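Okay, structure first, notes after.
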2 protein chains.
Amino acid sequence: MRLNHTIEKQTKSRIRHVAEEMFATHGIGGVTTRALAEKAGANTAAVNYHFGGKDNLATEVFRDVAHRSTVRRLANLDRIEAEARAKNARPDLRAVIESFVDAYVNEDDPRTGLLLARLVLKHRVEPNEWTRAVVRDELDRVAERYVVALGNAAPQLGPAEVHWRYHFMVGSILMTLSDDGPESRLQRLSGGLCKPADKRVLRSQLVDFLTGAFLIGNQAGPDDDGHPEQAGGSPVDD
Amino acid sequence: MRLNHTIEKQTKSRIRHVAEEMFATHGIGGVTTRALAEKAGANTAAVNYHFGGKDNLATEVFRDVAHRSTVRRLANLDRIEAEARAKNARPDLRAVIESFVDAYVNEDDPRTGLLLARLVLKHRVEPNEWTRAVVRDELDRVAERYVVALGNAAPQLGPAEVHWRYHFMVGSILMTLSDDGPESRLQRLSGGLCKPADKRVLRSQLVDFLTGAFLIGNQAGPDDDGHPEQAGGSPVDD
DNA sequence: ATTTGATTTAAACATGCGTTTGAATCATAC
DNA sequence: GTATGATTCAAACGCATGTTTAAATCAAAT
């Protein structure tokens, strides 16, 4: 006799759910089929029976996450650009950046952002066939749209500069997302001053940082040395 | 009879050399004992005989790299701060950032920066005992010094803000470094406009980006909405 | 030349992993 | 109740990896 009849979901559904949770927490490589099955209350072979292997399960999970996030971000961009058109103005740089960050750092749904970060991080560190497929099919068009939007919002930047900075932006977000919890390097080095777990603060700090980073164009002088408008204050010690 | 008598180095030295090279190229997890030994022209067991295991070898390599880089960066900071004191001015923000980036992106010695990035990236994605030890013993003091220096160079930022932004800065550098070569996402998405392999451009783009990111303080208004001084230009299409 | 300790070598070992297998069990239709 | 197909299960398989072993080889001292 089985106990999970009405209360518990079907095995396949449970595995998918647990997979999302564990992938977000421990990363893709940090989850073994056995641990996953155990947490889902299923047999090890169930993963292969229902999904045809760990990679297929991961593909399914991450394709879904990426797709949801993509739809949401494209809609946000549409809204921002529509508002700008209505005001006959450029899209607001801060709003564009905020909408991008929002996909990764969102108080309502922290898991999606974490999963998205895990996906892109894995694809960057050790890409393989299925990460390539998911990134190409789901994330590339978002990137292209954002590069265009950022270029419009920050017209002082050349096309190449926008690409560079978009890339830097993603990097800072990803690495921050992967440094969660009380063991985080940020929290330790700051002596508890910064808590990455506080998504609200994290979000606003990120947006501030990135907005500043996109506001100013190339400021390197023809010479190597370039200290622009530094007022001679007293040097602060240590 | 052995051929490697005067020309080739000792086995231990060769293994260490090849390890540096392969760790930089393929990452730590991407190098197997067997591949390493083969490339070094040594037996698989030699790695354990001379270093006592793969982890010890990695520890030795990365501790050395981190140490070299740390010494160099601290010296650079000393110089920058001494110059500032001599002029009775604040340390130049751009110079501080440039010296930080220099440890990762340096045309003369690309390998050290890559290795450093691999180390920190591994420690972020899947920390373990030896990464913790190396990071704590070698990199923490650099981080603390740089946070102080950046705080002095960017006095409009509060202490917590400086920590946040230092963290973001490291993230953008790391992720960029790990996205090398012609298969890089940046190069693909930019249609070849940006080439991460060109360290000279990469470096200046990073420094521009980061200097801007540290120049401006918290610009969020009391309300959620904040579009500061946007002049109403014509909305650019697509 | 012999001895001795360090080094090198091929082979095996141990482990963790994703996956497969074949029998057992369940749900459903007849 | 029985047949049938889907599902679950314990067990084993295959493979890659880091490591160990014990014999073989080398280099230097005597």
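Chain letters run A, B, ... following the sequence lines, proteins first, then strands; residues in each count from 1. Please read these numbers as outputs of a predicted model, since none were measured by experiment.
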Regarding [X] and [Y], do their side chains bring together a donor and an acceptor under 3.5 Å, going by distance alone?
X      : Y      : result
B:T70  : B:R73  : no
A:H123 : A:T131 : yes
B:T11  : B:R14  : yes
B:Y104 : B:T112 : no

Starting at atom [atom1] of [X], determine the distance to atom [atom2] of [N], rounded to an integer number of angstrom.
X      : N      : atom1 : atom2 : value
B:D55  : D:dG18 : CG    : C1'   : 9 Å
A:N48  : D:dT8  : CG    : C1'   : 13 Å
A:E38  : C:dC17 : CD    : C1'   : 15 Å
B:N128 : D:dG18 : CG    : C1'   : 15 Å
B:R14  : C:dT7  : CZ    : P     : 13 Å
B:Y49  : C:dT8  : OH    : C1'   : 9 Å
B:E126 : C:dG16 : CD    : C1'   : 15 Å
A:H26  : C:dC17 : NE2   : P     : 13 Å

Looking at the side chain of A:K54, which of C:dG18, D:dT8, D:dT19 is the nearest nucleotide?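 Of C:dG18, D:dT8, D:dT19, C:dG18 is nearest to the side chain of A:K54.
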Taking the side chain of A:T32 as its heavy atoms from C-beta onward, which of D:dT20, D:dG18, C:dC17 lies nearest to it?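 Selected nucleotide: C:dC17.
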Taking only the side-chain nitrogens and oxygens of [X], find out if one of them lies under 4.0 Å from OP1 or OP2 of [N].
X     : N      : answer
A:N43 : D:dA10 : yes
B:T44 : C:dA10 : no
B:T33 : D:dG18 : yes
B:H50 : C:dT8  : yes

Answer yes or no: side-chain N or O of A:R34 and base N or O of C:dG18 forming a donor-acceptor pair under 3.5 Å.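 Answer yes: a donor N or O sits under 3.5 Å from an acceptor.
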Reckon B:A45 touches a base, only the sugar-phosphate, or nothing at all at heavy-atom distances under 4.0 Å?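 The answer is base, as B:A45 lies within the cut-off (heavy atoms under 4.0 Å) of a base atom.
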Between B:E81 and B:R145, does at least one N-O distance fall below 4.0 Å, as a salt bridge requires?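 Yes, this pair counts.
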